[in-house]
Amino acid sequence: MGWHDGCIRCMVGVPFASVIATVLCFAGVALFCGCGHEALSGTEKLIETYFSKNYQEYEYLIHVINAFQFVIYGIAIFFFLYGILLLAEGFYTTTAIKHILGEFKPPAMKGGLISTVTGGPPKGRSTRGRQPVHTIELICRCLGKWLGHPDKFVGVTYVITILWILIFACSAVPVYIYFNTWVTCQSIAFPGKTTTSVSTLCLDARMYGVLPWNAFPGKVCGTSLLAICKTSEFQMTFHLFIAAFVGAAATLVALLTYMVGASFNYAVLRVTGRSDRSKF
């Protein structure tokens with residue numbers, strides 16, 4: 001059997017849900033971390049340029065922003081490693097299910113493919129030419145000793161999903177603040193749409209907890225606020241926060257997809273009485 005036919009048969013064991021979730025997770029995390037990092041930097045510049053002239057008034061805000069940026073670095077690294085781990089688990093578990101149900105019959109191509117799928121060498125073949133130290137099987141087995149059974153993958157992913165929902169909710173807060181600011185600027189730009197005096201339409205950064213109440217000026221009103229909304233810094237920061245929010249939503253969808261796929265695979269293995277085959 002040629003390599004072409006072998007590849008076609010091997011496609012049966014590909015966990016397409018896990019592959020899609022991994023791509024979505026990487027894209028979402030990259031969007032959230034990259035855009036969120038730059039949006040925080042843009043917010044810092046807007047605050048120190050228009051809302052406060054005293055460094056001591058926004059010094060705490062700068063420390064908070066720097067802390068969030070370091071957290072973003074950690075999130076990017078963690079999801080890169082965990083996404084690869086979940087993808088490997090999806091490949092192994094899906095292949096094990098197909099093999100148990102008889103839907104996956106890999107060809108004996110040089111003794112490597114079957115040993116990777118089933119954990120043993122193909123019958124009638126010598127294992128002298130194998131290099132188990134460099135195979136995916138050994139890596140997966142080492143990871144399996146660390147994390148254990150697939151039900152633990154589901155449990156860990158569930159906890160991460162709950163935590164990510166909190167991050168997703170927090171990412172909506174700056175979008176809400178910037179959207180309210182944009183709506184206020186639209187009211188200032190088109191005064192005929194509101195009965196309120198333009199000079200009384202303001203953005204007070206202190207009311208959002210961004211600055212202390214004794215900060216000066218702390219707020220911007222009327223045409224001055226409209227001028228801020230027209231700057232490229234405000235427009236770019238606003239759109240970056242929206243992109244970060246979309247990235248957080250995409251990551252949440254990816255985590256839910258991981259949970260559904262891993263739960264289904266583990267349930268099938270338990271029903272077939274072969275849950276031990278799900279170990280790495």
Side-chain angles (χ1 to χ4, degrees), residues 7 10-44 65-95 97 136 139-140 143 146-147 150 152-179 182 232-266 280:
C7 291
C10 289
M11 288 295 291
V12 178
V14 174
F16 292 103
S18 296
V19 172
I20 294 174
T22 302
V23 174
L24 190 61
C25 180
F26 286 170
V29 170
L31 198 62
F32 173 79
C33 294
C35 294
H37 183 278
E38 293 302 316
L40 290 173
S41 299
T43 300
E44 178 182 339
I65 289 177
N66 291 335
F68 280 155
Q69 289 176 335
F70 280 109
V71 170
I72 285 175
Y73 299 147
I75 289 175
I77 296 173
F78 171 79
F79 272 96
F80 176 75
L81 297 177
Y82 193 68
I84 293 177
L85 187 61
L86 285 177
L87 181 61
E89 189 274 340
F91 265 102
Y92 184 86
T93 308
T94 301
T95 302
I97 291 175
I136 299 178
I139 298 176
C140 292
L143 293 175
W146 178 49
L147 288 178
K152 295 183 179 180
F153 278 98
V154 177
V156 173
T157 307
Y158 177 81
V159 174
I160 294 174
T161 302
I162 297 299
L163 296 176
W164 191 258
I165 289 176
L166 299 178
I167 296 176
F168 174 69
C170 291
S171 67
V173 174
V175 176
Y176 172 76
I177 295 175
Y178 274 86
F179 178 76
W182 179 79
S232 60
E233 292 84 358
F234 178 86
Q235 295 291 335
M236 179 62 68
T237 304
F238 184 23
H239 288 90
L240 285 173
F241 272 123
I242 294 176
F245 178 75
V246 173
T251 305
L252 180 60
V253 173
L255 289 173
L256 294 175
T257 304
Y258 275 133
M259 286 184 56
V260 172
S263 300
F264 173 79
N265 288 339
Y266 181 68
F280 280 118

Could you walk me through whether Ile75 and Ile167 satisfy the side chain to side chain contact (heavy atoms under 4.5 Å, CB included) test, starting with their C-alpha distance in whole Å, then the side-chain angles of each, then the deciding distance to 0.1 Å, before giving a yes or no?
CA-CA 11 Å; Ile75 289 175; Ile167 296 176; 4.2 Å; yes
Is there a side chain to side chain contact (heavy atoms under 4.5 Å, CB included) between Ile165 and Leu252 once you walk through the steps?
CA-CA 7 Å; Ile165 289 176; Leu252 180 60; 3.7 Å; yes
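Scanning for side chain to side chain donor-acceptor pair (under 3.5 Å) contacts around Ser263 gives an empty result, with sequence neighbours left out. Taking Ile77 as the reference, Leu81 meet the side chain to side chain contact (heavy atoms under 4.5 Å, CB included) condition, with sequence neighbours excluded. The side chain to side chain contact (heavy atoms under 4.5 Å, CB included) search around Ala244 returns Phe32, Cys35, not counting sequence neighbours. Taking the side chain to side chain donor-acceptor pair (under 3.5 Å) definition, one finds that Ser18 meets it with nothing, sequence neighbours left out. Glu233 pairs by the side chain to side chain contact (heavy atoms under 4.5 Å, CB included) definition with Leu46, Thr231, not counting sequence neighbours. In this view, Thr257 satisfies the side chain to side chain donor-acceptor pair (under 3.5 Å) rule with no residue, not counting sequence neighbours.
The neighbour count for Phe68 CZ, taken as heavy atoms of other residues, nucleotides or ligands under 6.0 Å away, does not exceed 12. A 6.0 Å sphere centred on CZ of Phe168 holds more than 12 heavy atoms belonging to other residues, nucleotides or ligands.
With hydrogens and angles ignored, the 3.5 Å screen pairs a side-chain donor or acceptor of His239 with a backbone N or O of Gln235.
Separation of atoms CZ (Phe241) and CD1 (Ile177) is listed at 8.5 Å; rounding is to 0.5 Å. The CE atom of Met259 lies 10.5 Å from the CD1 atom of Ile160; values are rounded to the nearest 0.5 Å. If you take OG1 on Thr43 and OH on Tyr178, they are separated by 3.0 Å, rounding to the nearest 0.5 Å.
Using cut-offs of 30° and 60° for the angle between ring planes, the Phe79 and Trp164 rings count as perpendicular. Taking the six-membered ring where tryptophan is involved, the planes of Phe70 and Tyr73 are perpendicular, since the angle between them exceeds 60° and thus also 30°.
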